[in-house]
There are 2 protein chains.
Amino acid sequence: MLSLTEENYLKAIYHLSDGGTKSVLTNEVADAMSTKPASVTDMVKKLSAKKLITYEKYYGVTITKQGKTDALTIIRKHRLWETFLVQTLNFHWDQVHEVAEQLEHIQSPLLIEKLDEFLNFPIADPHGHPIPDKSGKIHTGQQVPLCDIAAKKTVTVLAVNVKESSSFLQYLSKIGVYIGARLAILDKAEFDGSIEIMIDGKKKVFVSKEASQNILVTP
Amino acid sequence: MLSLTEENYLKAIYHLSDGGTKSVLTNEVADAMSTKPASVTDMVKKLSAKKLITYEKYYGVTITKQGKTDALTIIRKHRLWETFLVQTLNFHWDQVHEVAEQLEHIQSPLLIEKLDEFLNFPIADPHGHPIPDKSGKIHTGQQVPLCDIAAKKTVTVLAVNVKESSSFLQYLSKIGVYIGARLAILDKAEFDGSIEIMIDGKKKVFVSKEASQNILVTP
DNA sequence: ATAATTTTTTAGACCAGTCTAAACTTTATA
DNA sequence: TATAAAGTTTAGACTGGTCTAAAAAATTAT
Ligand SMILES: [Mn+2]
Ligand SMILES: [Mn+2]
Ligand SMILES: [Mn+2]
Ligand SMILES: [Mn+2]
């Protein structure tokens, strides 16, 4: 049984390690968690005592098999709750993250099973992020940033990179981009990387390179 | 902003004081919270510093106007979540309390408003307990224990007294008692207070005095 | 290769919440 | 009304999570 704080650290380490594929440094965790390095050192000792990560002094931490499993359970809960909030309670996609940060810590396997069933076993959350299934498996198709798509091609929006800022999501809603939208790349400006796109064959807009890097689409 | 622990103490004090109508002793709180009296003394000092209760050394605590409001908000959330779990996710009424104990602490006024709306503004939870409205108002009709009903009368089940034990709820389900059931009192045994009842005109069962004291019905 | 800089860890402190043991106040009993 | 019993508070300690300041290790620059 993990404390709320331990769960949050473990999840942060999972994300920072790209799903357990690379090791993570103390300062990275401190940044991500908005705590001080000294606090991270204390916590990684605890998590490593619980065999959820391996900790090598001065060289950072690596997530273990068990740690990955536990992290995926938390992520699964987070994304199922976000899906519930949008699909069932009609939240906007920029309103759900904070609440899901709380809901993800509710301890009740039965609740998550029933929620999953009620939502009809969704495979992606409102931001297009994959929802791990009960066994922790993630099935994602290929996703590429919009900035990498050649001119004249038409693609479908699969997901958005959303760190902490809901303002990016609000911006996307405003210009008409949503998960599932069809985007035709009309023109690409070489000098600043900005792109002109047509959304659903109806609306023509410009997006900056910054934005197009964070919109993930079909290859 | 109250901590999870402060919320739990405040709710316990509200319930022990019968909705703020009487004062509550240290040991009663300690019993209800499964903590030691010394811990209660510490906490009531904190809650009284926050003006949620008034604390008179050696004579117990009384809940304030603000304390009542805050307690009712928590109770509202608890009961809305229990309603959600039963109505929407098909939990049994004996499975919801523990989960609602966690969910009641989620901080998001918007979530509660939307949940309330989604559930169509229910006025009672799965155990028949009234759900305070957004302003904290409770509207309950008159409820009397089944043991006080005269023989030959027929009544409707309005609520059940459920402390911590889900076993009483399981027992009620087993014999066929539920919120809304019609009970005809066939016979009352004077010597032990047990009652013979007919449920929905179909099933004849005996219930002990103990049980009949905890089934609340129309007068 | 040594020095300067950055990163990380340790040491010691603090807060919230809990406990036990001892002191104190109130209530019950004789 | 004095004494015993019960209830309550205080004092001091502990855990989990956090911090700052100082020490130690690793990295980078000279
Ligand atoms: Mn999120
Ligand atoms: Mn979290
Ligand atoms: Mn309950
Ligand atoms: Mn609670």
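Because the structure is a prediction, the values reported are computed rather than measured. Lettering follows sequence order; numbering is per chain, from 1.
For B:Gln170, the side chain to side chain donor-acceptor pair (under 3.5 Å) criterion is met by B:Asp94, not counting sequence neighbours. Applying the side chain to side chain donor-acceptor pair (under 3.5 Å) rule to A:Gln102 yields no partners; only residues at least two apart in sequence or on another chain are considered. Judged as a side-chain contact (heavy atoms from CB on, under 4.5 Å), and not counting sequence neighbours, the contacts of A:Pro132 are A:Leu72, A:Ile75, A:Arg76, A:Ile138.
Atom CG in A:Asp42 sits roughly 9 Å away from atom P in C:dT10 (whole-Å rounding). Atoms OH (A:Tyr59) and P (D:dA25) sit 11 Å apart, rounded to a whole Å. Atom CD in B:Glu56 sits about 13 Å away from atom P in D:dT8, given to the nearest Å. The distance between atom NZ of B:Lys45 and atom P of C:dC15, rounded to the nearest whole Å, is 16 Å. We find that CG of B:Leu47 is positioned 13 Å from P of C:dA16, with the value rounded to whole Å. Regarding B:Met43, its CE atom lies at a distance of 11 Å from the P atom of C:dC19, rounded to whole Å.
Counting heavy atoms from C-beta outward, A:Val44 and A:Val29 have side chains that stay 4.5 Å or more apart. Between A:Val61 and A:Thr26 there is no side-chain heavy-atom pair separated by less than 4.5 Å.
Both A:Ser34 and A:Tyr58 sit near DNA chain D, but only A:Ser34 has its closest nucleotide nearer the 5' end. Between B:Thr41 and A:Met33, the residue whose closest nucleotide on DNA chain D is further toward the 5' end is B:Thr41.
Nearest to the side chain of A:Lys57, among C:dT9, C:dT18, D:dC19, sits C:dT9.
Phosphate contact (OP1/OP2 of D:dC19, side-chain N/O of A:Ser39, threshold under 4.0 Å): present. Phosphate contact (OP1/OP2 of C:dT8, side-chain N/O of A:Tyr55, threshold under 4.0 Å): absent. At the phosphate of C:dT18, OP1 or OP2 sits under 4.0 Å from a side-chain N or O atom of B:Tyr9. Residue B:Lys36 places no side-chain N or O under 4.0 Å from the OP1 or OP2 atom of D:dT9.
Listed by first and then second residue, the side-chain hydrogen bond (donor to acceptor under 3.5 Å, both in side chains) pairs that reach into residues 29-42 of chain A are A:Tyr9-A:Thr35, sequence neighbours excluded. Applying the ring-ring contact (aromatic ring centres under 6.0 Å, His included) test to pairs two or more places apart or on separate chains, those with a residue in residues 119-146 of chain A are A:His127-A:His129.
Proximity of residues 22-31 of chain A to DNA chain D (heavy atom under 4.0 angstrom from any strand atom) is not detected for any residue.
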